[in-house]
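Below: the structure, in structure tokens.
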Amino acid sequence: MLRHLVPAQIRTPFAKYSHGVEIPAGARLLVCSGQLGVGHDDTIPEGAEAQARLCFEAIRALLREAGMSVSNIVRLNAYVTGREHMAGYMAARDAFIGTPPPASTLMIVSGFTREDFVVEIEALAASLD
């Protein structure tokens, strides 16, 4: 069983995430590359929330391919190109992740390979089966 850690000795998380997730020995891991907010038809929607939703749907497809679900996610790393994109990303993230939430990091970066992209998300998942 995955163990989500939010120790009483440290400040509670700022948002919907766990400070740590313990993965037991013998677990199967899925490492997802960073996903960008681009549709199957190569369209890139405007706005962080729309792009993040596409990123999360790509992650969901990877999880499904590996026989896992959103509940198997132990860590998210997300990157946005400005503070103005944080709220949109967080709205999409909160709609996507379950409870208890995974460990998570959100960083502001200077940009991605194309100017149209404002969000990139990578995930780590673990399964005990």
Side-chain angles (χ1 to χ4, degrees):
M1 172 172 234
L2 300 173
R3 197 172 100 171
H4 292 76
L5 307 171
V6 183
Q9 299 87 350
I10 60 177
R11 188 196 184 284
T12 57
F14 285 99
K16 190 176 179 182
Y17 63 89
S18 297
H19 280 304
V21 181
E22 182 180 9
I23 303 168
R28 188 167 53 92
L29 296 179
L30 170 65
V31 179
C32 299
S33 293
Q35 301 299 308
L36 292 162
V38 58
H40 191 266
D41 60 356
D42 285 335
T43 60
I44 302 170
E46 282 196 37
E49 188 169 353
Q51 287 188 24
R53 288 186 190 282
L54 284 175
C55 295
F56 285 124
E57 287 310 311
I59 291 168
R60 188 185 313 274
L62 289 163
L63 291 164
R64 201 172 16 244
E65 187 77 14
M68 296 184 192
S69 71
V70 171
S71 66
N72 293 104
I73 296 174
V74 296
R75 179 165 182 78
L76 291 173
N77 287 333
Y79 312 90
V80 297
T81 57
R83 282 184 177 79
E84 68 274 17
H85 302 302
M86 290 173 61
Y89 160 75
M90 292 173 79
R93 179 201 63 194
D94 289 353
F96 175 75
I97 61 172
T99 301
S104 181
T105 298
L106 173 59
M107 292 172 266
I108 298 172
V109 297
S110 63
F112 301 111
T113 55
R114 290 173 51 183
E115 277 187 41
D116 297 346
F117 294 124
V118 297
V119 177
E120 184 169 349
I121 307 166
E122 55 190 37
L124 174 65
S127 177
L128 304 177
D129 58 356

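- Residues H85 and I108 have side chains not in contact (no heavy-atom distance under 4.5 Å, counting atoms from C-beta outward).
- Side-chain atoms of L30 and L124, non-hydrogen and from C-beta on, never get closer than 4.5 Å to each other.
- Tracing side-chain contacts under 4.5 Å through hydrophobic residues (I, L, V, M, F, W, Y), one reaches V74 starting from V31; they form part of the same cluster.
- Atom OH of Y89 sits about 12.0 Å away from atom CD of E120, to the nearest 0.5 Å.
- The two residues M68 and A125 have their closest heavy-atom pair at SD-CB, 3.7 Å.
- Across every non-hydrogen atom of H4 and P100, the tightest pair is ND1-CG, 3.3 Å.
- Expressed to the nearest 0.5 Å, how far CG of N72 lies from CG of L2 amounts to 7.0 Å.
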Under 3.5 Å donor-acceptor pairs involving side-chain atoms of residues 42-49, not counting sequence neighbours:
{"residue": "T43", "atom": "OG1", "partner": "D41", "partner atom": "OD1", "Å": "2.8"}
{"residue": "E49", "atom": "OE2", "partner": "R53", "partner atom": "NH2", "Å": "2.6"}

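- I23 and L5 sit in two unconnected hydrophobic clusters of ILVMFWY residues. Membership requires side-chain heavy atoms under 4.5 Å apart, directly or through other members.
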Exercise. Where do F56 and F96 land on the ring pair (Phe, Tyr, Trp, His ring centres under 6.0 Å) test, with the steps shown first?
Worked result: CA-CA 7 Å; F56 285 124; F96 175 75; 4.5 Å; yes
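- Atom CZ of R3 sits in a sparse spot, with 12 or fewer heavy atoms from other residues, nucleotides or ligands closer than 6.0 Å.
- Judged purely by atom type and a 3.5 angstrom limit, H19 uses its side chain to pair as donor or acceptor with the backbone of R11.
- Between T105 atom OG1 and Y79 atom OH the span is 8.0 Å, to the nearest 0.5 Å.
- Connection of L29 to I121 is not established within any shared hydrophobic cluster, with ILVMFWY side chains joined at heavy-atom distances below 4.5 Å, either directly or through further cluster members.
- The number of heavy atoms from other shown groups lying within 6.0 Å of CE (M107) is above 12.
- Put simply, Y17 and M90 are part of two different groups of oily side chains (I, L, V, M, F, W, Y) that touch within less than 4.5 Å, one to the next.
- Linking ILVMFWY side-chain heavy atoms closer than 4.5 Å, directly or via other members, places M86 and V118 in a single hydrophobic cluster.
- Taking every heavy atom of both residues into account, L36 and C55 meet most closely at C-SG, 3.4 Å.
- Atoms SG and CG, from C32 and N77 in turn, are 11.0 Å apart once rounded to the nearest 0.5 Å.
- Proximity of a side-chain donor or acceptor of Q51 to a complementary backbone N or O of D116 within less than 3.5 Å is detected.
- Across all non-hydrogen atoms, the minimal contact from V21 to A103 is CG2-N, 3.7 Å.
- Summarising the geometry of V70 relative to I97, their closest heavy-atom pair is CG1-CA, 3.9 Å, with the distance given to 0.1 Å.
- At least one donor-acceptor pair under 3.5 Å links the side chain of S18 to the backbone N or O of P101.
- When every heavy atom of G111 is checked against every heavy atom of T81, the shortest pair comes out as CA-CG2, 3.8 Å.
- Within the 3.5 Å criterion, the main-chain N or O of A78 finds no donor-acceptor partner in the side chain of R93.
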